Amino acid sequence: MKFMKLGSKPDSFQTDGNDVRIVATEMATDITIHVGEVKFHLHKFPLLSKSGRIQKLLASPTDSANNIHLNDVPGGATSFEICAKFCYGMTVTLNPHNVISTRCAAEYLEMHESIEKGNLVYKIDVFLSSVFRSWKDSIITLQTMKTLKSWCEDLNLVDRCMECIASKASVDVSKVEWSYTYNRKKLAPAVVPKDWWVDDLTEIELDQFKQIIDTIKTKGRVSYQVIGEAVKTYTYKRVPGLSKVSVIQGDAKVKSLVETVTWLLPNEKGSVSCSFLLKLLRAACMLHCAKACKNELVKRIGKQLEEASVTDLLIPTTDGERTIYDIDMVLNIVEEFLMQDSDNGGVEEMERSGMLFCNKKGVVAKLIDGYLAEVAKDPNMPLLKFLDLAEMIPSESRPVHDGIYRAVDMYLKEHQNISKGEKKKLCSLLDCKRLSPDACAHAVQNDRLPLRLVVQLLFHEQSRTSASASVSSDSNRADNSSVVTSYGSSRSAATTLTTTTTTTTTTEDDNWDGVNGVNTVKVKANVTPKKILGKILTVKGNGNSMLVSSGSDSSGSPEGIAKATPARKVR
């Protein structure tokens with residue numbers, strides 16, 4: 001830390017109680033200066049020789065010649081005492097902690113070169129040039145300016161200090177030779193890291209931080225990733241519990257911070273993680289931040305939604321809402337994500353970006369299916385909003401419907417009083433052909449699903465089994481033909497095909513979790529889809545026995561199966 005000593009005489013200021021300062025000399029004091037609650041018993045001549053303000057006050061007939069009140073001295077009694085000692089030639093020490101307040105007090109007392117050569121203002125300005133060349137001293141000095149903001153701005157001290165800090169942060173890391181603080185993982189790096197300056201800036205005030213980051217952006221020599229890291233680090237340092245409702249709710253300072261850092265983020269995608277953006281959005285919703293702030297966050301999140309997790313998307317609703325989670329906000333985010341599909345560029349670039357975006361759609365589809373399974377547990381979740389979000393995902397992005405099946409099943413489990421029409425709309429999200437065998441095994445025994453859907457599932461499984469048996473038969477014929485040919489025999493080879501179809505049954509519906517890849521079902525062999533169909537229809541018939549025709553009409557289509565059953569009361 002830099003410092004500067006001024007004066008050579010010993011300090012003869014004495015304290016008489018907490019509020020009185022007396023200069024102990026052979027000559028009696030002839031002036032009393034009141035600075036706030038503190039009285040200074042001083043001599044006129046040393047003050048008059050260096051302070052233009054004291055000269056004017058003593059020359060004014062309205063003020064007492066021996067009593068002067070200076071209640072608005074910047075820095076108060078402490079700064080005035082340093083200035084007074086300088087007038088006496090006593091030794092004083094300036095450092096980054098007191099130089100700003102002393103400089104403002106010297107300006108207030110008009111201790112300029114026009115009064116005397118080598119006056120205090122000039123000496124402090126020389127010292128400040130040295131202070132601003134030091135990284136750590138610049139940070140300390142900037143922090144001391146917050147209590148004297150207007151004075152520092154008028155004297156251009158704030159801009160000078162911030163410009164020096166921004167310039168140092170923008171220097172190529174290979175040329176950084178000054179001392180700095182680096183706390184990442186509490187390790188001293190072997191080489192200077194690109195974000196070496198980030199931690200130090202977390203100590204300054206928000207408006208100062210904003211101005212420095214804006215200046216760094218203007219210089220254009222620091223990558224957007226490092227700037228994003230600086231914004232994120234500052235946010236977490238100032239609001240450690242950013243995602244906790246109890247910490248941030250109703251806090252005006254946090255609200256101002258969230259709005260400020262949102263606009264400070266670089267425009268480039270990936271400057272911060274999607275998880276951090278969603279935490280900001282959650283805080284913005286709970287703090288009732290400006291709509292423009294929330295829209296900006298939604299736009300940014302939509303650009304990198306594929307990085308999010310289900311937990312990140314669970315944004316609580318604000319006061320007055322019936323639902324637990326804000327599904328409207330997620331609808332807006334997904335809409336922003338899908339807007340990326342309209343890319344204006346060259347043909348090759350469009351093809352390449354189109355392939356990447358197609359992969360991202362698949363990731364987002366799984367993400368939204370997982371989110372739907374969570375919000376489905378909310379008893380107040382409207383079906384229309386559930387359907388709107390589910391249908392926003394393009395069909396080609398869901399090659400497997402296990403995830404959406406789990407969400408639909410969860411909704412049916414938590415909302416057992418929905419009408420048949422609503423249940424039909426909900427189950428229309430499912431494509432039987434895109435369910436895995438495990439999901440089908442769970443679905444055909446799921447009492448919450450409509451009977452028609454179960455029949456379609458069984459028909460699809462029977463078709464898939466028949467196709468598999470046909471492929472197996474063709475393969476066996478080819479193998480037998482090969483054997484006959486190789487042995488030169490004219491006798492026809494007789495082959496017997498035995499097709500064993502297996503299906504799965506579960507003891508509890510909730511044992512299946514297609515999204516997480518967990519399958520704890522018990523397998524029962526040698527049970528054909530037709531036999532299961534008979535069993536399921538019997539169960540679904542509310543106790544009335546139902547027969548399944550073994551003719552070709554009943555096995556050809558779900559409609560054929562339905563026609564073969566006797567008249568009964570079905571759902």
Side-chain angles (χ1 to χ4, degrees), residues 3-7 11 13 19-23 29-129 131-132 140-162 205 208:
F3 65 92
M4 181 174 70
K5 284 189 175 182
L6 299 175
D11 185 354
F13 269 61
D19 302 331
V20 179
R21 305 287 188 274
I22 301 174
V23 179
T29 59
D30 55 5
I31 186 174
T32 301
I33 297 180
H34 302 260
V35 181
E37 300 295 327
V38 182
K39 295 179 182 179
F40 289 88
H41 297 282
L42 307 173
H43 302 86
K44 292 181 181 178
F45 179 74
L47 301 178
L48 290 172
S49 65
K50 289 184 171 58
S51 173
R53 191 180 189 92
I54 299 296
Q55 291 179 6
K56 294 175 184 177
L57 291 173
L58 291 178
S60 174
T62 57
D63 288 308
S64 171
N66 297 323
N67 250 329
I68 296 177
H69 291 268
L70 302 176
N71 295 323
D72 53 349
V73 176
T78 303
S79 299
F80 176 81
E81 185 173 338
I82 294 176
C83 294
K85 289 179 179 179
F86 176 80
C87 293
Y88 279 91
M90 298 177 187
T91 302
V92 293
T93 302
L94 297 177
N95 56 57
H97 292 283
N98 64 16
V99 65
I100 294 299
S101 59
T102 306
R103 173 65 178 86
C104 294
E107 185 69 25
Y108 173 86
L109 294 170
E110 300 177 17
M111 302 175 73
H112 300 123
E113 291 294 281
S114 58
I115 304 299
E116 184 181 77
K117 283 288 186 182
N119 213 338
L120 185 56
V121 168
Y122 169 76
K123 291 184 179 296
I124 291 179
D125 285 344
V126 172
F127 178 58
L128 279 175
S129 298
V131 169
F132 289 156
I140 295 172
T141 304
L142 184 61
Q143 290 178 274
T144 65
M145 294 182 186
K146 58 185 177 183
T147 57
L148 301 167
K149 186 176 180 180
S150 59
W151 277 94
C152 293
E153 288 177 349
D154 292 341
L155 296 174
N156 198 34
L157 296 176
V158 177
D159 290 341
R160 283 179 61 195
C161 187
M162 289 186 178
E205 293 300 306
Q208 296 173 339

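Here the structure is a predicted model, which is why all the values come from computation and not from measurement.
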Where do [X] and [Y] come nearest, in terms of heavy atoms and distance?
X    : Y    : result
I82  : V92  : O-CG1, 3.9 Å
C83  : A105 : SG-CB, 3.9 Å
G118 : F86  : O-CZ, 3.8 Å
L148 : G75  : CD2-N, 3.9 Å
F127 : L94  : CZ-O, 3.7 Å

Can you name the residues that form a salt bridge (charged side-chain N to carboxylate O under 4.0 Å, His left out) with E110, not counting sequence neighbours?
K56
Below 4.5 Å, heavy atoms only, C-beta onward: do [X] and [Y] meet side chain to side chain?
X   : Y    : value
K85 : L6   : no
Q55 : I115 : yes
V23 : M90  : yes

Checking the side chain of [X] only, and the main-chain atoms of [Y] only, is there a donor and an acceptor separated by less than 3.5 Å?
X    : Y    : result
N71  : G36  : yes
N119 : V121 : no
S79  : G76  : no
N98  : S101 : no
Y88  : H43  : yes

Please indicate whether F13 has more than 12 foreign heavy atoms, meaning atoms of other residues, nucleotides or ligands, lying under 6.0 Å from its CZ.
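Buried by this count: over 12 neighbours within 6.0 Å.
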Do other residues, nucleotides or ligands put more than 12 heavy atoms under 6.0 Å from E113 CD?
yes
Does the side-chain contact (heavy atoms from CB on, under 4.5 Å) test come out yes or no for L70 and L109, once each step is laid out?
CA-CA 10 Å; L70 302 176; L109 294 170; 4.1 Å; yes
Rounded distance (nearest 0.5 Å) linking atom [atom1] of [X] with atom [atom2] of [Y]:
X    : Y    : atom1 : atom2 : value
D125 : E107 : CG    : CD    : 8.5 Å
F45  : K50  : CZ    : NZ    : 8.0 Å
R103 : L120 : CZ    : CG    : 8.5 Å
L58  : S51  : CG    : OG    : 9.0 Å
D72  : Y108 : CG    : OH    : 3.5 Å
T102 : M111 : OG1   : CE    : 10.0 Å

Only counting residues at least two apart or in another chain, list the ones meeting ring pair (Phe, Tyr, Trp, His ring centres under 6.0 Å) with H34.
H69
The test is side-chain contact (heavy atoms from CB on, under 4.5 Å); show your working for L48 and I54 and say whether it passes.
CA-CA 6 Å; L48 290 172; I54 299 296; 4.0 Å; yes
Go through the side-chain N and O atoms of T32 and H41 and say whether any donor and acceptor fall under 3.5 Å apart.
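On atom types as modelled, these side chains qualify, holding a pair under 3.5 Å.
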For S49 and C87: C-alpha separation, side-chain torsions, deciding distance, then whether side-chain contact (heavy atoms from CB on, under 4.5 Å) applies.
CA-CA 8 Å; S49 65; C87 293; 5.5 Å; no
Show me the side-chain donor-acceptor pairs of residues 140-147 shorter than 3.5 Å, one per line, residues at least two apart or across chains.
{"unit_1": "T141", "atom_1": "OG1", "unit_2": "D137", "atom_2": "O", "d": "2.7"}
{"unit_1": "Q143", "atom_1": "NE2", "unit_2": "E203", "atom_2": "O", "d": "3.2"}
{"unit_1": "T144", "atom_1": "OG1", "unit_2": "T141", "atom_2": "O", "d": "2.6"}

side-chain contact (heavy atoms from CB on, under 4.5 Å) evaluation trace for R160 with L155:
CA-CA 10 Å; R160 283 179 61 195; L155 296 174; over 6 Å; no
